[in-house]
Amino acid sequence: IDINPNFKLSYLRLGEDYTHLNKSKESKQMYIQIIRLSDVYKEEPAIRLARLYMESNESSLAYESFHIILTKNPNKVQEILWLGELYRELNKTDDALNLFKRTIKKNPNNYAAYGELALYHLDNNDSKEAERIFQVVLEIDPMHLIKIYEHIGIYYQKKSQFEKSNELF
């Protein structure tokens, strides 16, 4: 595709369409082109690119992308949380723990950060602390009970403990 600098927003939308069509390679190419065309840093395509790298298990590229994003704006709560998830998946547990705590400090009502923190404790065989943290999520918003079960179910799927995940789903 010939890239015209006048159509950056269209390329962003095209990248979104490729993502929805499960064409991550094409989507990544669109986001990279937008970033290259920009005279100034473009946060939105960089964030989307980082997420695509994370979802396709390209950990080093995801890390590099999140690092760039957070260097430019260290207060991006969602991106801090995503980097923490990446660290947890890479078994960099101390780094993950610090980022989950940082997210909660910046946004004490971020139920997803508490969920990730609880999964961290499950990873470290501390189910009592994980249960306590999930209770905090319910105190923030009781409507997140289903989301808690989903979090735990996905956790067990990733650990190939399918009987446990089936019980939750």
Side-chain angles (χ1 to χ4, degrees), residues 1-73 76-93 95-96 99-100 103 107 110-120 122-123 134 137 141 143-169:
I1 296 175
D2 290 328
I3 302 295
N4 182 327
N6 297 317
F7 297 106
K8 292 177 196 170
L9 184 58
S10 296
Y11 298 137
L12 183 67
R13 299 296 176 240
L14 187 56
E16 291 171 355
D17 287 348
Y18 282 138
T19 298
H20 293 297
L21 294 169
N22 292 320
K23 294 183 174 185
S24 75
K25 179 181 176 187
E26 292 86 349
S27 186
K28 290 174 199 170
Q29 289 171 343
M30 284 292 103
Y31 296 142
I32 289 169
Q33 288 299 335
I34 296 165
I35 294 167
R36 286 183 181 154
L37 287 173
S38 301
D39 296 337
V40 295
Y41 169 70
K42 293 295 180 192
E43 188 172 273
E44 186 63 28
I47 291 168
R48 292 171 191 230
L49 185 60
R51 285 297 294 168
L52 282 171
Y53 285 142
M54 193 172 168
E55 291 166 7
S56 59
N57 294 318
E58 296 175 81
S59 302
S60 61
L61 293 171
Y63 170 80
E64 186 177 316
S65 298
F66 283 126
H67 181 72
I68 290 168
I69 293 163
L70 292 171
T71 298
K72 304 259 183 205
N73 187 348
K76 298 289 293 180
V77 173
Q78 186 60 53
E79 288 70 19
I80 294 168
L81 179 60
W82 284 334
L83 183 57
E85 289 176 31
L86 179 64
Y87 280 151
R88 190 171 58 77
E89 290 175 12
L90 295 173
N91 293 318
K92 294 183 174 188
T93 56
D95 293 328
L99 289 175
F100 299 147
T103 302
N107 182 354
N110 189 318
Y111 74 89
Y114 283 104
E116 289 298 327
L117 185 59
L119 295 178
Y120 164 87
L122 283 177
D123 282 340
F134 281 129
V137 173
D141 187 348
M143 297 302 295
H144 286 99
L145 180 62
I146 294 170
K147 201 71 171 161
I148 290 171
Y149 280 107
E150 182 183 344
H151 255 78
I152 298 170
I154 292 168
Y155 167 82
Y156 284 129
Q157 282 179 336
K158 287 181 179 179
K159 298 288 184 183
S160 297
Q161 296 178 8
F162 300 110
E163 287 180 21
K164 288 184 177 182
S165 67
N166 284 341
E167 289 175 22
L168 293 164
F169 294 134

### Summary
CG of L81 to CZ of F66, rounded to nearest 0.5 Å, is 9.5 Å
### L86 CG to E79 CD distance, which is reported to the nearest 0.5 Å
13.0 Å
### Task
Go through the structure and list residues passing ring-ring contact (aromatic ring centres under 6.0 Å, His included) with Y53, not counting sequence neighbours.
none
### Message
Would you say that D123 contacts T93 through its side chain, given a criterion of any heavy-atom pair below 4.5 Å between the two side chains?
### Response
no
### Task
Please collect all salt bridge (Lys or Arg N to Asp or Glu O under 4.0 Å) contacts where either partner lies in residues 19-33, sequence neighbours excluded, each pair once.
K28-E58
### Query
How many angstroms lie between CG in L49 and CD1 in I35, if you round to the nearest 0.5 Å?
5.0 Å
### Query
Are R13 and E16 within salt-bridge range, i.e. N to O under 4.0 Å?
yes
### Value rounded to 0.5 Å, distance of OG in S60 from NE2 in H67
13.5 Å
### Message
Quick check for you: to the nearest 0.5 Å, what is the distance between Q33 atom CD and L14 atom CG?
### Response
11.5 Å
### Query
Please walk me through it: do I69 and W82 pass side-chain contact (heavy atoms from CB on, under 4.5 Å)?
CA-CA 12 Å; I69 293 163; W82 284 334; over 6 Å; no
### Message
Would you compute the distance between atom CZ of R88 and atom CG of L119 and round it to the nearest 0.5 angstrom?
### Response
4.5 Å
### Query
Hey, mind stepping through L99 and E116 against side-chain contact (heavy atoms from CB on, under 4.5 Å) and telling me if it holds?
CA-CA 10 Å; L99 289 175; E116 289 298 327; over 6 Å; no
#### Entry: Closest non-hydrogen atom pair, A50 against S65
CB-CB, 3.5 Å
### Task
Could you walk me through whether F100 and I80 pass the side-chain contact (heavy atoms from CB on, under 4.5 Å) test, one step at a time?
CA-CA 8 Å; F100 299 147; I80 294 168; over 6 Å; no
### side-chain contact (heavy atoms from CB on, under 4.5 Å) between L70 and L83, worked out
CA-CA 9 Å; L70 292 171; L83 183 57; 3.8 Å; yes
### Task
Mind listing the closest non-hydrogen atom pair of A96 and G84 along with its distance?
CB-O, 3.4 Å
